[in-house]
Amino acid sequence: VQLQASGGGLVQAGGSLRLSCAASGGTFTRFRMAWFRQAPGKEREFVAAISRSGGTTTYEDSVKGRFTISKDNAKEMMYLQMNSLLPEDTAVYFCAGDRVLASDSAAKSPSQYIYWGQGTLVTVSS
C-alpha cells in the first residue's frame, strides 16, 4: 500500500488549502485514515481522523471548526480542507492509513496506522 500526500504550499494567515492523499495497492474501503503533522522542532501530532466508511470523524481541538477531513472511497482519496489557517498550523502534514476488518471507528494514535505518506509542507505566513 502506498500513500501520496499533496497540496501543501505557502498561504497567508486566514487563507485556505486542501490537502489530498492518494492511496494505491489496497482495498481503500477497508482503510481508516488520518492526518498528522510535525512542526519544526516538535513531535508529530494528530490532526484529524476518519473511519473506513467516512461516517465517523474526529479532530484535534485546535483545528475543530477550521479543518474538515473527508474520504472518497470510489476515487481512493482522502482530503483535508483547511480554512482560517494560522501561523501555528505550519508543519509537514502526513497522511496515514490502516486496514480494519469490521470497526468503523476513527483512531487518533499514530501507533494505530501502519501505512504513511511522505508528507507535504504547509507554511502559513503571518
| task | State the CD1-OG1 distance between I69 and T57, to the nearest 0.5 angstrom. | result | 7.5 Å
| task | Over all heavy atoms of both residues, which pair between S105 and R32 is shortest? Give the atoms and the distance, please. | result | OG-NH1, 3.3 Å
| ring-ring contact (aromatic ring centres under 6.0 Å, His included): which pairs involve residues 37-59, sequence neighbours left out? | F36-F46
| query | Closest approach of P110 and W116, non-hydrogen atoms and distance? | reply | O-CZ2, 3.6 Å
| message | So, taking the atom named CE in M77 and the one named OG in S70, what distance separates them when rounded to the nearest 0.5 Å? | response | 9.5 Å
Would you give me the side-chain donor-acceptor pairs under 3.5 Å for residues 2-31, sequence neighbours excluded?
| residue | atom | partner | partner atom | Å |
| --- | --- | --- | --- | --- |
| S16 | OG | N83 | OD1 | 2.9 |

| Common cluster, Y113/V63, ILVMFWY with side-chain heavy-atom separation under 4.5 Å | no
| From CG (L121) to OG1 (T90), nearest 0.5 Å | 8.0 Å
| Sequence neighbours excluded - ring-ring contact (aromatic ring centres under 6.0 Å, His included) pairs with any residue from residues 63-93 | none
| remark: Separation between OG (S103) and CD (Q112), nearest 0.5 Å, reads 9.0 Å
| field | Evaluation steps, side chain to side chain contact (heavy atoms under 4.5 Å, CB included), between V122 and R37 | value | CA-CA 9 Å; V122 172; R37 66 186 179 186; over 6 Å; no
| So, K71 side chain and R52 main chain: donor-acceptor pair closer than 3.5 Å or not? | yes
| task | Locate the shortest heavy-atom distance separating T58 from A106; write the atom from each residue and the value. | result | CG2-CB, 3.9 Å
| Do the non-hydrogen side-chain atoms of M82 and W35 ever get within less than 4.5 Å of each other? | no
| said: Let me check something: do V100 and M33 share a hydrophobic cluster, defined by ILVMFWY side-chain heavy atoms less than 4.5 Å apart, either directly or through other members? | reply: no
| field | D104 CG to I50 CD1 distance, which is reported to the nearest 0.5 Å | value | 9.5 Å
